[in-house]
Amino acid sequence: MSFVRTRDGAHIYYKDWGIGPPVVFSHGWPLQADVWDDQLNLVAENGYRGIAHDRRGHGRSTQTWHGNNMDTYADDLAEVIEQLDLRDITLVGHSTGGGEVTRYIGRHGTDRVSRVLLLGAVPPLMLKTPQNPEGTPIDVFDQIRDGIRKERSQFYLDLTEMFFGANRPNNNVTEGNKYAFWLMAMQLGVRGALDCVAAFSETDFTEDLRRIDVPTLVIHGDDDQIVPIDAAGRKSAEIIPDANLHVYEGAPHGLANVPGFKEKFHEDLLVFLKH
């Protein structure tokens, strides 16, 4: 297996498929790089180099007790990019990974980045505040933490219903979707899981979004029950100087893995890479 060693000694696992301009994928909570396998294979078969890492605490990376926050996640991503000497990168971030990508640019700039794709991403701020009334109340995130502490296995399995839109009529979600999600989630350490909930929900990415000075595609489902579009995708597209918003009608949060929506996402991804 391939790892990058960070400044604090953590080992970040990554997979590296194909040859060509690099496309770096950042996954959502509570998943890992394997959730991007279809997209890694897609870009590798079309002349690109697909790279995806397990965020610290997740998957095969070190389960650190400290450092499970957005600044460190972004710096870990920078370590992967710099140690592999990647340039002219397309950064793709889903959900929490969209926050990681955004904070990476806020802290490290776009010298190595040519374009950005934010998919169902958490920026600018998930948490409901007086200044962000469209956000999600803190009670929702407290319930997530309670679910992890009490019975995380069943909690993760239950979460697949909303994540993939399996609770909607005429959905195309398979049992395989759900079990794959559960398997990846169970490889996330409890400490990392709890800390990451605070990281993705309470971090304000507004100033990071303003620093994105490369072409950006924002894709969001209008039936996203995890990261509602009005508090996230629509706002981000307004803040980023050079952004286009693609709204997928009826799409859930995990649209990249749901038949029907996945194929549309693949088409848009390849078009964006060739833009």
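- Contact record, Ala243 with Val218: CB-CG2, 4.5 Å, taken as the closest heavy-atom pair.
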Exercise. Begin from the C-alpha positions of Thr102 and Asp208 and carry the test side-chain hydrogen bond (donor to acceptor under 3.5 Å, both in side chains) through to its verdict.
Key: CA-CA 6 Å; Thr102 302; Asp208 305 299; over 6 Å; no
Quiz prompt | Stepwise side-chain contact (heavy atoms from CB on, under 4.5 Å) test for Ile239 and Arg210 | solution = CA-CA 6 Å; Ile239 295 170; Arg210 292 193 174 114; 3.6 Å; yes
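- A salt bridge links Asp34 and Arg60; the closest N-O separation between the charged side-chain nitrogens and carboxylate oxygens is under 4.0 Å.
- Side chain of Asn177 to backbone of Thr174: a donor-acceptor contact under 3.5 angstrom is found.
- Not counting sequence neighbours, the partners of Glu161 by the salt bridge (charged side-chain N to carboxylate O under 4.0 Å, His left out) test are Lys178.
- A donor-acceptor pair under 3.5 Å is formed between the side chain of Arg211 and the backbone N or O of Gly106.
- Residue Trp65 is not grouped with residue Leu188 when hydrophobic side chains (ILVMFWY) are merged at heavy-atom distances under 4.5 angstrom, including chains of intermediate members.
- Here the OG1-NE2 distance, from Thr6 to His11, works out to 8.0 Å after rounding to the nearest 0.5 Å.
- Across Gly67 and Thr72, no two heavy atoms sit closer than the pair O-CB, 3.1 Å.
- Looking at His53 and Ser61, their side chains never bring a donor and an acceptor atom within 3.5 Å of each other.
- Listed for the Arg112 side chain is a donor-acceptor partner under 3.5 Å among the backbone atoms of Leu86.
- A donor-acceptor contact shorter than 3.5 Å is absent between the side chain of Thr136 and the backbone of Leu127.
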Extract all donor-acceptor atom pairs below 3.5 Å that involve side chains of residues 75-82 and protein atoms in other chains or at least two apart in sequence.
unit_1	atom_1	unit_2	atom_2	d
Asp75	OD1	Arg107	NE	3.0
Asp75	OD1	His108	NE2	2.8
Asp75	OD2	Arg107	NH2	2.9
Asp76	OD1	Arg56	NH2	3.0
Asp76	OD2	Arg56	NE	2.6
Asp76	OD2	Arg56	NH2	3.3
Glu79	OE1	Gln83	NE2	3.1
Glu79	OE2	Arg7	N	3.4
Glu79	OE2	Arg7	NH1	2.8

Practice problem: Determine, step by step, whether Phe25 and Val35 satisfy the side-chain contact (heavy atoms from CB on, under 4.5 Å) criterion, reporting the C-alpha distance in whole Å, the side-chain angles of both residues, the deciding distance to 0.1 Å, and the verdict. | Solution: CA-CA 10 Å; Phe25 295 87; Val35 74; over 6 Å; no
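- Using cut-offs of 30° and 60° for the angle between ring planes, the His253 and Phe163 rings count as perpendicular.
- The closest side-chain heavy-atom distance from Asp38 to Phe265 is not below 4.5 Å.
- Residues Val122 and Phe205 form a side-chain contact, since some pair of their non-hydrogen atoms from C-beta on lies under 4.5 Å apart.
- When each of Val23, Leu117, Leu42 is paired with Leu273, the side chain to side chain contact (heavy atoms under 4.5 Å, CB included) condition holds for Val23 and for no other.
- Ile219 contributes atom CD1, which lies 5.0 Å from atom CG of Asp268 (distance to the nearest 0.5 angstrom).
- Checked by atom type and distance alone, the side chain of Thr216 pairs as donor or acceptor with a backbone atom of Val214 at under 3.5 Å.
- Atom CD1 of Ile51 and atom OG1 of Thr90 lie 11.0 Å apart (nearest 0.5 Å).
- Between the side chains of His58 and Gln187, no donor-acceptor pair is found at a separation under 3.5 Å.
- Between Arg87 and Asp111 there is no salt bridge, since no side-chain N of the basic residue sits under 4.0 Å from a carboxylate O of the acidic one.
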Self-check item: Verdict with reasoning, Lys15 to Asp54, per side-chain contact (heavy atoms from CB on, under 4.5 Å)
Solution: CA-CA 9 Å; Lys15 50 178 62 181; Asp54 292 351; over 6 Å; no
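- With values rounded to the nearest 0.5 angstrom, Leu159 atom CG is found 11.5 Å from Gln154 atom CD.
- Of all heavy-atom pairs spanning Cys196 and Tyr73, the tightest one is CB-OH, 3.4 Å.
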Which donor-acceptor pairs under 3.5 Å do the side chains of residues 228-237 make with protein atoms, sequence neighbours left out?
unit_1	atom_1	unit_2	atom_2	d
Asp230	OD1	Arg234	NE	2.8
Lys235	NZ	Asn132	OD1	2.6
Lys235	NZ	Glu134	OE1	2.7
Ser236	OG	Pro123	O	2.9
Ser236	OG	Ala232	O	3.3

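- Distance alone, capped at 3.5 Å, places no donor-acceptor pair between the Asp224 side chain and the Pro252 backbone.
- The main-chain N or O of Arg55 is found under 3.5 Å from a side-chain atom of His27 such that the two form a donor-acceptor pair.
- Looking only at side-chain heavy atoms (C-beta outward), Tyr14 and Val4 come within less than 4.5 Å of each other.
- In this view, Tyr13 and Phe3 satisfy the ring pair (Phe, Tyr, Trp, His ring centres under 6.0 Å) rule, not counting sequence neighbours.
- Here the shortest heavy-atom pairing between Met70 and Glu100 reads SD-N, 3.8 Å.
- Pairs of residues two or more places apart, or lying in two chains, never qualify as side chain to side chain donor-acceptor pair (under 3.5 Å) while including a residue from residues 118-130.
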Distance-only criterion, 3.5 Å: show the donor-acceptor pairs between side-chain atoms of residues 137-150 and protein atoms not counting sequence neighbours.
unit_1	atom_1	unit_2	atom_2	d
Asp142	OD1	Arg145	NH2	3.0

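- Of all the heavy atoms in Leu40 and Ala52, the pair that sits closest is CD1-CB, 4.0 Å.
- Between the OG atom of Ser2 and the CD1 atom of Ile12 there is a distance of 13.5 Å, given to the nearest 0.5 Å.
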Quiz item: When you look at Tyr179 and Leu157, which way does the side-chain contact (heavy atoms from CB on, under 4.5 Å) test go after all the steps?
Solution: CA-CA 8 Å; Tyr179 294 143; Leu157 193 58; 4.3 Å; yes
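- Heavy atoms of other residues, nucleotides or ligands lying less than 6.0 angstrom from CD of Glu249 number 12 at most.
- Asn167 and Gln225 form a side-chain donor-acceptor contact under 3.5 Å, judged by distance and modelled atom types alone.
- A donor-acceptor contact shorter than 3.5 Å is absent between the side chain of Arg168 and the backbone of Asp223.
- For the pair Leu209 and Pro124, the tightest heavy-atom approach, listed with the atom from each and the gap, is CD1-CB, 3.7 Å.
- The distance from atom CH2 of Trp36 to atom CG of Asn41, rounded to the nearest 0.5 Å, is 14.5 Å.
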